There are 2 protein chains.
Amino acid sequence: MRGYDKYAFEPFAVTVDLAVLTLRAGALHVLLVERGQEPYLGHWALPGGFVLPNESAETAARRELAEETGLADVSGLHLEQLRTYSEPDRDPRMRVVSVAFAALLPDAPEPRGGGDAAQARWLPYDGAQPLAFDHDRILADAHDRVGAKLEYTCLATAFCPPEFTLGELQQVYETVWGTGLDRPNFRRKVLATPGFVEPVPGGGARLTGGRGKPAALYRAGTATTLHPPLLRPPREGRSA
Amino acid sequence: MRGYDKYAFEPFAVTVDLAVLTLRAGALHVLLVERGQEPYLGHWALPGGFVLPNESAETAARRELAEETGLADVSGLHLEQLRTYSEPDRDPRMRVVSVAFAALLPDAPEPRGGGDAAQARWLPYDGAQPLAFDHDRILADAHDRVGAKLEYTCLATAFCPPEFTLGELQQVYETVWGTGLDRPNFRRKVLATPGFVEPVPGGGARLTGGRGKPAALYRAGTATTLHPPLLRPPREGRSA
DNA sequence: CCTTTAATGGTCGTACCGACTATAAACCTG
DNA sequence: CAGGTTTATAGTCGGTACGACCATTAAAGG
């Protein structure tokens with residue numbers, strides 16, 4: 001099927017769906033909107049919308065991200081295309097093909113309504129709540145992807161503010177992976193990876209709550225990949 | 001933009017594009033079709049086609065794979081969704097959103113025409129040949145993805161016939177990565193990973209050309225991921 | 001028969017990583 | 001203010017993995 005012109009084709013609606021993730025109070029949270037109409041009236045759903053005629057899916061995703069979060073500048077946020085969901089019956093109204101993205105936010109301002117009546121809120125990531133459409137699966141895929149990319153990329157800093165402590169960076173890993181990590185070993189590994197983080201020149205004032213010894217501040221480095229990777233502890237299945 | 005009904009939307013054509021990769025004579029090859037019409041008349045392009053009204057993108061990709069390769073059974077082949085390309089001007093004729101897939105084939109039968117006039121052929125992967133549309137980028141993304149997944153999954157066996165030698169498996173890594181690997185170390189690593197490969201019970205007759213000591217035959221194991229991963233040798237940039 | 005080729009088996013040293021202990025600098029409590 | 005708590009930081013130690021080798025075996029070829 002090489003020639004477009006000689007085959008009839010069905011036009012599809014193309015949308016983007018966003019799994020916007022952040023860390024609030026040491027727990028992973030997702031930005032969800034409450035549906036105001038059928039189907040799935042009253043259910044929570046991932047934010048998203050149509051791709052406009054002159055937009056790429058990435059452009060549409062960033063526009064939706066700005067609209068839904070109410071943030072003035074979303075240009076620096078990490079936005080990653082997950083995959084495209086195209087099951088014929090995923091939306092009962094019509095044929096909708098949706099390109100899913102994951103977005104990572106450092107802090108979590110409570111979203112304004114964005115001019116739309118339906119409320120948008122940060123809800124904790126449980127993995128259990130039934131979302132509208134196939135959004136449970138999209139959200140689970142987003143979680144899997146982010147967890148995997150933490151191993152071999154510097155993605156974790158996308159969850160952190162511009163200046164952060166190593167304790168905060170470790171919390172990102174622990175929260176997304178759901179495991180505990182040894183603090184000295186984590187510190188050794190991160191500092192031994194050139195370009196992962198770099199110390200803030202001025203000196204290390206603390207940012208955290210206040211208890212304990214003040215921590216040094218770091219910024220995200222210039223590296224994007226981790227060689228060798230920072231592997232998560234193997235699942236306690238069985239050892240051969 | 002929560003409600004579909006209250007916004008106008010532009011219908012898009014949705015297609016799939018396939019980067020079908022195989023190993024022929026120790027080199028990576030790609031299945032390409034020659035375009036028989038404008039635009040890009042005479043250029044090589046990735047095989048692909050429209051997603052039909054009752055198909056998912058995965059279904060359409062597998063159908064196209066069967067049509068283009070002429071293989072009777074493509075159900076066991078590894079098919080992986082790469083990402084979706086949706087730049088508004090990627091096809092000059094109309095708005096086309098394309099879901100790209102990578103397919104991995106063990107052996108490489110010369111493709112029949114598939115009933116279509118345009119010829120389909122295996123061409124060596126150079127990364128230099130200018131393909132039609134944005135297919136150069138899709139092909140490069142496919143190569144990157146496959147190379148990366150070799151590190152932490154058992155994907156390499158998808159390039160191998162049902163029974164293979166460790167030398168053939170090593171050739172997959174060396175060809176895709178473009179590097180040489182130490183044979184004893186590769187062997188030790190593969191055999192130390194439970195579930196990666198398992199010996200053929202009957203005994204190890206050779207399959208390869210004939211020179212050298214006959215190699216034992218193995219089958220793909222049940223594992224899907226490699227823990228710890230089989231990292232490719234670091235690029236010779238500089239060491240800190 | 002000797003060379004060539006490739007598979008297989010093994011050694012050795014280093015780097016890394018997990019587990020663990022120790023010290024330092026802040027706060028809180030009485 | 002003394003002492004305990006909390007968190008950050010420094011360091012040790014042993015096992016494992018892995019890269020760089022070397023050696024042996026089993027075939028084909030001249």
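Not measured: the values here are computed from a predicted model. Chain naming here is simple, since letters A, B, ... match the order of the sequence lines and numbering starts at 1 in each.
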Whole-Å distance separating the [atom1] atom of [X] from the [atom2] atom of [N]:
X        : N      : atom1 : atom2 : answer
A:Leu166 : D:dT9  : CG    : P     : 6 Å
B:Glu174 : C:dA6  : CD    : P     : 12 Å
A:His227 : C:dC16 : NE2   : P     : 14 Å
A:Leu217 : D:dA8  : CG    : P     : 12 Å
A:Tyr173 : C:dG18 : OH    : P     : 13 Å
B:Leu181 : C:dA6  : CG    : C1'   : 16 Å
B:Asp182 : C:dC12 : CG    : P     : 17 Å
B:Arg187 : D:dC21 : CZ    : P     : 21 Å

Would you please indicate if the ring centroids of A:Tyr152 and B:Tyr152 are separated by under 6.0 Å?
yes
[options]: which one has an atom nearest the side-chain heavy atoms of [X]?
X        : options               : result
B:Arg211 : C:dT5, C:dA24, C:dC20 : C:dT5
B:Lys189 : D:dT7, D:dC18, C:dT8  : D:dC18
A:Pro184 : C:dG9, D:dT9, D:dC21  : D:dT9

Check this one for me: any side-chain N or O of A:Arg188 less than 4.0 Å away from OP1 or OP2 of C:dC16?
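Checking C:dC16 against A:Arg188, no side-chain N or O comes under 4.0 Å of OP1 or OP2.
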Would you find a donor on one side and an acceptor on the other, under 3.5 Å apart, between the side chain of B:Glu64 and the backbone of B:Ala61?
no
Suppose the criterion is salt bridge (charged side-chain N to carboxylate O under 4.0 Å, His left out): which pairs have a residue in residues 220-231 of chain A, not counting sequence neighbours?
none
Listing request: all salt bridge (charged side-chain N to carboxylate O under 4.0 Å, His left out) pairs with a residue in residues 218-233 of chain B, at least two apart in sequence or in separate chains.
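Residue pairs with at least one partner in residues 218-233 of chain B: B:Glu151-B:Arg232, B:Glu163-B:Arg219.
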Go nucleotide by nucleotide along DNA chain D from the 5' end; which of A:Asn185 and B:Pro229 gets its closest nucleotide reached first?
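Looking at DNA chain D, the more 5' nearest nucleotide goes with A:Asn185.
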